[in-house]
Amino acid sequence: MPTIKEEKQKLLSDTDFITNPWVYFTAELDNWAKEGAIAEFWWRDDDAVANTSALQKLMTATDHTPISLAVIPDQLEESLQPFTSQHKQITIVQHGFAHVNHAPTEEKKAEFRDHRSKEVMTEELKKGHSLLKEVFGGQFKPLFVPPWNRLGNDGEDAVKEAGLKFVSTFTPRQPNTGPDILNTHIDPVNWKANRQFLGDTESLLQAILHLRAKREVWENVDVIEPTGFLSHHLIHDEETWSFIEKFNHTIQQHPSANWLDLSTYIDSFSIEF
């Protein structure tokens, strides 16, 4: 059984893939069609706090595709709610509390790893949860996105105690994890190169690998997890925006691909919050 790491190296050594990544991506979707299956995707955008020109550009790029906005409660501005209420395809989820790093300098950044007491973290998360529920009403759903996609053991407990029933980070979830984990797998930003566009090849590589891993039932991949697309509207350059629009339209137009509505997904579990 192949691993994602092995298949990644194989594709990166394929000159045809390097030259024509969109052809390979479409071919992977075609493979789903041949098996009579639907490749499900969902879209998460992080760091929303206000109605900005970048957010408006994001909504144009979605072209009515359902999208989840991960909102930072402690940075929330009044302008966001009137804007999101006009776009019914938006689901609001919670992105940390203040998006502040509490890790020591020798560790990777994190707000809700085990650098503070569980009680302090729980109090912040409850405050953020209550605020977003009050401001956004039914448009808010109890999914928690930890800043920098990092969450510690005490942080996990704090999330549960705060009434947040779902968690989303980055990388494939493990088999039999359960539907309360809904991760992302595709990020077109090169965080090591001044947040520039990662490129078609590397971005589509992420998508192809997760789709193929699910379709062929590779090791350590949950085959029923929707493939998550991650964007950060406040930092994208024009190349990234162009990729996002093309990726979205490719999913929209392919008969064996579908954008999942997070609100519908969460409501299907009949969870009260």
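Every heavy atom of this structure was used, including side-chain atoms; hydrogens, water molecules and symmetry mates were not.
- Within 6.0 Å of the CG atom in Asp16, the count of heavy atoms belonging to other residues, nucleotides or ligands exceeds 12.
- No side-chain donor-acceptor contact under 3.5 Å links Thr177 and Asp222.
- Screening Leu182, Asp46, Leu164, Leu262 for a side chain to side chain contact (heavy atoms under 4.5 Å, CB included) with Val93, the sole residue that qualifies is Leu262.
- Lys57 and Glu245 are not joined by a salt bridge, as no carboxylate oxygen comes within less than 4.0 angstrom of a charged side-chain nitrogen.
- When the side chains of ILVMFWY residues are joined at heavy-atom separations under 4.5 Å, either directly or via intervening members, Val49 and Phe140 end up in two distinct hydrophobic clusters.
- Between the CD atom of Glu219 and the CD1 atom of Ile4 there is a distance of 10.5 Å, given to the nearest 0.5 Å.
- Ring pair Phe25/Phe247: centre-to-centre distance below 6.0 Å.
- Counting non-hydrogen atoms of other residues, nucleotides and ligands closer than 6.0 Å to CD of Gln253 gives a total above 12.
- Counting only N and O atoms by type, the side chains of Asn51 and Gln56 include a donor and acceptor under 3.5 Å apart.
- Between His236 and His232, the two ring planes are perpendicular [angle over 60°; tilted spans 30° to 60°].
- Aromatic pair His210/His185: centroids less than 6.0 angstrom apart.
- Side-chain atoms of Thr264 and Asp267 form no donor-acceptor pair, as typed in the model, at a separation below 3.5 Å.
- The backbone N or O of Ala162 lies less than 3.5 Å from a partner atom in the side chain of His129, making a donor-acceptor pair.
- Hydrophobic clustering, with ILVMFWY side chains joined whenever heavy atoms are under 4.5 angstrom apart, groups Ile90 together with Trp259.
- How far OG of Ser203 is from CD1 of Ile186: 9.0 Å, rounded to the nearest 0.5 Å.
- With Thr227 contributing its side chain and Leu211 its backbone, the two residues share no donor-acceptor pair below 3.5 Å.
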Exercise for review: Take Leu151 and Phe144, measure what side-chain contact (heavy atoms from CB on, under 4.5 Å) needs, and give me the verdict at the end.
Suggested key: CA-CA 10 Å; Leu151 189 62; Phe144 181 69; 4.0 Å; yes
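- With Glu6 contributing its side chain and Thr3 its backbone, the two residues share a donor-acceptor pair below 3.5 Å.
- Atom CH2 of Trp32 and atom NZ of Lys214 lie 4.5 Å apart (nearest 0.5 Å).
- Asp237 places a side-chain N or O within donor-acceptor distance of the main-chain N or O of Phe197, the cut-off being under 3.5 Å.
- Heavy-atom neighbours of Arg116 CZ from other residues, nucleotides or ligands within 6.0 Å: above the threshold of 12.
- For the residue pair Asp30/His254, the side-chain donor-acceptor check at 3.5 Å is satisfied.
- When ring centroids are compared, Phe41 and Phe229 stay outside the 6.0 Å threshold.
- Here Leu204 contributes atom CG and Thr26 contributes atom OG1; the two are 8.5 Å apart, rounded to the nearest 0.5 Å.
- At a threshold of 4.5 Å between side-chain heavy atoms, the hydrophobic network of Ile, Leu, Val, Met, Phe, Trp and Tyr places Leu143 and Ile224 in two separate groups.
- Enclosure of atom CD in Glu123 is not indicated, since only 12 or fewer non-hydrogen atoms of other residues, nucleotides or ligands lie within 6.0 angstrom.
- Judged by distance alone, with hydrogens and angles left aside, the side-chain atoms of Asn153 form no donor-acceptor pair with the main-chain N or O of Asp114 at under 3.5 Å.
- Annotation for His249: atom NE2 counts as buried by contact number, over 12 foreign heavy atoms lying within 6.0 Å.
- Looking at Glu107, its side chain never comes within 3.5 Å of a backbone N or O of Lys109 through a donor-acceptor pair.
- The same ILVMFWY cluster, assembled from side-chain heavy atoms under 4.5 Å apart, contains both Leu76 and Leu55.
- For the pair Gln252 (side chain) and Asp63 (backbone), a donor-acceptor distance under 3.5 Å is present.
- Judged by a 6.0 Å distance limit and a 45° cone about the ring axis, Lys108 is not positioned over the six-membered ring of Trp148.
- Between the side chains of Ser231 and Trp43, at least one donor-acceptor pair of N or O atoms lies under 3.5 Å.
- Residues Leu131 and Phe136 fall within the same hydrophobic cluster, defined by Ile, Leu, Val, Met, Phe, Trp and Tyr side chains chained together at heavy-atom separations under 4.5 Å.
- With respect to Glu124 and Lys127, no salt bridge is recorded, no charged nitrogen being found less than 4.0 Å from a carboxylate O.
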